[in-house]
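Note that the coordinates shown come from a computational prediction; the quantities given were computed from them, not determined experimentally. Protein chains get the first letters and strands the later ones, always in sequence-line order, with residue 1 at the start of each. Because only heavy atoms are used, hydrogens play no part in the values below, and waters and symmetry mates are left out as well, while side chains stay in.
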Amino acid sequence: MRFSKAFIPTSKEAPSEAVLVSHILLWRAGFVSQVASGLYNYLPLGKRVLRKIENIINDEMSRCGAQEVELSFVTPAELWQESGRIEKFGKELLRFKDRKENLFVLGPTHEEMMVNVIRNRLTSYKQLPMNLYQIKTKFRDEARPRFGLMRSREFIMKDGYSFHANEEDLDREFEAMEAAYKRILERLGLEFRIVEADSGAIGGSGSKELMVIADSGEDTIAICSHCEYGANIEAALCSQRSEIPEAPEADFNKFKTPNIKSIEDLSNFFKIDSFYTVKTIAMRAIYEEEEKIVLFFLRGNDTLQEVKATNAAKALELMDVSEEELKDAGLVAGFMGPLDMNNFTCIFDEALQNADSMICGANEVDYHYVGVDMKVLKEAEFADLAQVQEGDGCPYCNGTLSFTKGIEVGHIFKLGTTYSKALKAEFLNEKGQSVPLIMGTYGMGVSRLIAAVIEQHHDEKGCVWTKETAPYTLNIMVSNIKDEEQFALGEKLYAAFRKAGLEVMIDDRKERFGFKMKDAELIGFPYTLIIGKELVNGNVQLFDRKKDEKIVIEASKAFDGVMDIVK
RNA sequence: CGGGGCGUAGCUCAGUAUGGUUAGAGUACCUGGUUUGGGACCAGGGGGUCGAAGGUUCGAGUCCUUUCGCCCCGACCA
């Protein structure tokens, strides 16, 4: 491509609404432009990068025997009613009617559509397993799109779906997909971590997220200092505390604790470690049919992990409860405790199992119980509710956990039969029984990956694309196009590199050296071949964007010299 | 959906407190010239329904009302 003819609107200044470095640079370098909140145009350079990433994905998918399809973006609302997700997705589903008044939605993900495609077509165990995927525009009418391509409403996702006759085969495919996703991210040159994720209300036996490490990430992940363990904080586990503080000695008793409401006040008041206090958190749990107050109990030094709590309560979501509402329910803010709470659903954190010598609220203003043995609570429901903290022990080795921020670029999921049951996608097994297909789903945010690559690969001058992601591998920069020798050599090399199949751009614009160099650095070509003032000495220079250095090459050997480095 | 901020040239922004020439600057763009190794210089030029609608006023970018859009924090996010 000739720069003089290319549509690459670069800009010295950043748009005021952009905050994230990837958003700023992709905009400034002319890769994307914004249409409206959460809607972006891909300009020629952006489209090329997009295709690069898609090619890598396609390559790795075909190595795994997955087949590419393309499903309709507009999907009949009926399918969403059938699966029950039309309510669940709520306003994120963009709905509209056609001229015949039929209701449709723009696909935010395609489980329903894919199941619809294969049901009554994958009907025998002999046809299994099957893995079908697509790379396609998705639309989710997010309440709050932000951070440029990172979280847009219209975005491009690779979504794959596999179908199996049994759980073992799903496990095998899940691992194969994990390995494939790992290879994709490695080829893209990303530093990432595959972490355990919350499987959420969808159920299924497991899910993993692919997190690109970046300070700008929206997710917090806990990673082990020693082993491979990593988990989204929503699902992270930790080992049991190794150092147990000395237990306070006290017989069971009711104690006057005037105006002592917080855990901090309580541990100061009794001069004990908050480990021996019981934290009580009341939440309003929302269910499909009803809503009710659920009480969660943890050790005072732990904090409630809301996603874990939501799962433990099997609720759709949890809402905060105001002091007013607590009072109406007969609860005393600041003095709630687990004893005699038969009227409420109570869930205890596992750390409270067999806990002794505890201090907890007496459900009476200004009173706490001391010396409580949790064993008095018969048939209490225990679950993992506490959020892991930095420094906690790894659940699998003796390493410690630290927190880092990640960008979720992929999510792979063992779905099981949730959708095949809802949409009645069944096959005949070896025994001739009709059973639902067992499914896995594998998502990867392609447009988000573009932003993630730049989040990790940039400097103060601009983008630094890796060889596999760059829109063009080589930029030939003719310093002064009025210099006939420079111009002629540039054209000659441009033709030669093109013939050799290299993705090459020639900057033949009537601009000065500095101007063109700034653009080259902003755009982030991995290599720029500078044909300039050194030519009178018989030399050209190859600028390496990542190393930020120029090496001199004899002009007569430019082609081979560059090919050796660039290929 | 709650809280906050901002809408003036393609982009960055001044002007709005206290209403008053023909609405400005930088940058980008066009023409001519000079220049040619780090976003050059000189001269000339094009480009604006001041987000929109309504109102107050002799007069509104500026005041009032309504509304739309964009960004940030939070809620939310298979």
Side-chain angles (χ1 to χ4, degrees), chain A residues 9-20 23-24 27-28 30 33-39 80 83-93 107-112 114 138 140-148 150-153 155 157 159 161 197-204 207 209 218-219 232 234 286 306-307 310 316-320 408 410-413 415 418-419 422 439 441-443 445 448 461-462 477-483 486-487 507 509-523 528 530-536 539-541 543 548 550:
Chain A
T10 61
S11 174
K12 237 189 275 192
E13 273 168 309
S16 53
E17 62 263 26
V19 225
L20 215 58
H23 188 194
I24 291 171
W27 186 94
R28 279 191 55 209
S33 71
Q34 186 171 6
V35 186
S37 181
L39 305 179
W80 295 84
S83 72
R85 283 212 291 185
I86 195 151
E87 283 87 20
K88 192 162 187 186
F89 253 103
K91 287 186 173 173
E92 272 189 41
L93 276 181
T109 173
H110 280 202
E111 279 82 6
E112 282 82 353
M114 193 62 91
K138 300 284 184 289
R140 294 181 191 176
D141 200 358
E142 293 257 9
R144 193 178 157 215
R146 58 186 130 169
F147 303 146
M150 212 58 96
R151 193 180 175 79
S152 50
R153 293 191 292 170
F155 59 100
M157 182 163 87
D159 50 323
Y161 308 87
D198 166 52
S199 332
I202 255 204
S207 80
E209 288 168 334
E218 292 188 83
D219 291 278
N232 192 308
E234 295 172 351
I286 313 292
E306 232 179 277
V307 174
T310 308
L316 293 175
E317 62 174 316
L318 295 180
M319 314 253 285
D320 287 338
E408 183 193 337
H411 198 161
I412 56 177
F413 227 106
L415 273 181
T418 315
Y419 293 92
M439 289 179 64
T441 177
Y442 318 95
R448 183 176 280 185
K461 292 175 184 171
M477 198 256 271
V478 179
S479 178
N480 179 4
I481 61 159
K482 283 188 184 168
D483 182 310
Q486 289 182 18
F487 185 74
D507 195 343
R509 292 175 299 171
K510 192 187 161 201
E511 295 287 352
R512 293 160 64 94
F513 177 86
F515 186 92
K516 291 200 267 201
M517 229 16 227
K518 291 282 186 200
D519 262 358
E521 285 165 334
L522 176 61
I523 291 165
T528 294
I530 301 165
I531 300 174
K533 67 175 185 184
E534 289 293 317
L535 190 58
V536 294
N539 290 326
V540 294
Q541 291 155 294
F543 172 69
D548 194 23
K550 296 168 192 160

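Counting any heavy atom pair closer than 4.0 Å across all strands shown, R153(A) reaches no nucleic acid atom. E218(A) comes within 4.0 angstrom of no nucleic acid atom, judged by non-hydrogen atoms across all strands. W27(A) comes within 4.0 angstrom of sugar-phosphate atoms only, judged by non-hydrogen atoms across all strands, and of no base. S16(A) comes within contact range of the sugar-phosphate backbone alone, with a heavy-atom separation under 4.0 Å but no base atom that close. Within 4.0 Å (heavy atoms only), F543(A) reaches no atom of the nucleic acid at all. Here M157(A) lies in heavy-atom contact (under 4.0 Å) with a base. Across all strands, K510(A) comes closer than 4.0 Å to no nucleic acid atom at all (heavy-atom distances). Note on Q486(A): nothing from the nucleic acid sits closer than 4.0 angstrom, heavy atoms only. Contact annotation for E17(A): backbone-only contact, meaning every heavy-atom pair under 4.0 Å involves sugar-phosphate atoms and none involves a base. Residue contacts shown for K482(A) include a base, since a base heavy atom lies under 4.0 Å away. Using a 4.0 Å heavy-atom cutoff across all strands shown, A18(A) reaches no nucleic acid atom at all.
With a 3.5 Å ceiling on both atom-pair distances, the Watson-Crick or G-U wobble partner of rG74(B) is rC1(B). If you check rG61(B) for Watson-Crick or wobble pairing at under 3.5 angstrom, you find it has no partner at all. Within the shown strands, rA43(B) is the pairing partner of rU31(B) under the Watson-Crick or G-U definition, both distances less than 3.5 Å. Here rU67(B) sits opposite rG51(B) as a Watson-Crick or G-U wobble pair (both hydrogen-bonding atom distances under 3.5 Å). Across all strands shown, the partner of rC13(B) is rG24(B), judged by Watson-Crick or G-U wobble contacts whose two distances both fall under 3.5 Å.
In this structure, the nucleotide among rC70(B), rC76(B), rC11(B) sitting nearest to the side chain of E13(A) is rC11(B). Closest to the K550(A) side chain, of the nucleotides rA40(B), rG37(B), rC76(B), is rG37(B). If you check rA78(B), rC71(B), rG38(B) against the side chain of M517(A), the one that comes closest is rG38(B). Closest to the P15(A) side chain, of the nucleotides rG37(B), rC11(B), rA75(B), is rC11(B). Counting only heavy atoms from C-beta on, K518(A) has its side chain closest to rG39(B) among rA78(B), rC1(B), rG39(B). The side chain of R144(A) sits closest to rC73(B) out of rG39(B), rG37(B), rC73(B). For F147(A), the listed nucleotide lying nearest its side chain is rC73(B); candidates were rC73(B), rU12(B), rC71(B). Comparing rC73(B), rC71(B), rG37(B) against the side chain of E534(A) picks out rG37(B) as the nearest.
The NZ atom of K518(A) sits 14.5 Å away from the CD atom of E511(A) when rounded to the nearest 0.5 Å. Atom NZ of residue K533(A) and atom CG of residue N480(A) lie 13.0 Å apart, to the nearest 0.5 angstrom. With values rounded to the nearest 0.5 angstrom, L39(A) atom CG is found 12.0 Å from F155(A) atom CZ.
The two atoms that bring A197(A) and N232(A) nearest to each other are CA-CB, 4.4 Å, heavy atoms only. Closest non-hydrogen pair, R509(A) versus I481(A), comes out as O-CG2, 3.9 Å. Across all their heavy atoms, A18(A) and I24(A) have their closest contact at CB-CG1, 3.6 Å. What you find for D141(A) and K91(A) is that their closest heavy atoms are CB-O, 3.5 Å.
Once the 5.5 Å centre distance and the 30° plane angle are applied, the aromatic ring of F515(A) is found not to be stacked with the base of rG39(B).
Atom pair N539(A):CG and rG37(B):P shows a separation of 16 Å (rounding to whole Å applied). Rounded to an integer number of Å, the gap from E511(A) CD to rG37(B) P is 14 Å. L316(A) has its CG atom 14 Å from the C1' atom of rC76(B), to the nearest Å. Rounded to whole Å, the distance from CZ on R146(A) to C1' on rG4(B) is 15 Å. In this structure, the CG atom of N480(A) is 14 Å from the C1' atom of rU34(B), given to the nearest Å. The interatomic distance linking L522(A) (CG) with rG38(B) (P) rounds to 18 Å, in whole Å. One atom, NZ of K516(A), and another, C1' of rA40(B), lie 14 Å apart when rounded to the nearest Å. In this structure, CD of E408(A) is placed 9 Å from P of rA78(B), rounded to the nearest angstrom.
For the pair E142(A) (side chain) and R144(A) (backbone), a donor-acceptor distance under 3.5 Å is absent. Side-chain N or O atoms of R448(A) include one that pairs as donor or acceptor with a backbone N or O of M150(A) at under 3.5 Å. Proximity of a side-chain donor or acceptor of R28(A) to a complementary backbone N or O of K12(A) within less than 3.5 Å is detected.
Rounded to the nearest Å, the gap between the C1' atom of rG69(B) and that of rA52(B) is 10 Å. Comparing the C1' positions of rU16(B) and rU62(B) gives a spacing of 4 Å, expressed to the nearest Å. On the C1' atoms, rA17(B) is 26 Å away from rA53(B), given to the nearest whole Å. Atom P of rU35(B) sits at a distance of 29 Å from the matching atom of rA25(B), rounded to the whole Å. With C1' as the reference atom, rG47(B) and rA23(B) are 14 Å apart, rounded to whole Å. Across the C1' atoms, rC50(B) and rA14(B) are found 13 Å apart, a figure rounded to whole Å. Remark: the separation of the C1' atoms in rA60(B) and rC1(B) is 35 Å, to the nearest Å. Taking atom C1' in both rC6(B) and rG45(B), the straight-line distance is 33 Å, to the nearest Å.
With hydrogens and angles ignored, a donor-acceptor pair closer than 3.5 Å exists between the side chain of D519(A) and the base of rG39(B). Side-chain atoms of R140(A) come within donor-acceptor range of the base of rA78(B), with a qualifying N/O pair under 3.5 Å. Interface remark: the K12(A) side chain does not form any donor-acceptor pair with the rG38(B) base, using a distance-only criterion of under 3.5 Å. At a cut-off of 3.5 angstrom, the base of rU36(B) holds no donor-acceptor pair with the side chain of K533(A). In this model, a side-chain donor or acceptor of Q541(A) finds a partner on the base of rG37(B) within 3.5 Å.
For the pair S37(A) and rC71(B), the criterion of a side-chain N or O lying under 4.0 Å from OP1 or OP2 is met.
Judged by closest nucleotide on RNA chain B, V35(A) is the one of E317(A) and V35(A) placed further toward the 5' end. Positionally, the nearest nucleotide of RNA chain B for G514(A) lies more toward the 5' end than for the other of L318(A) and G514(A).
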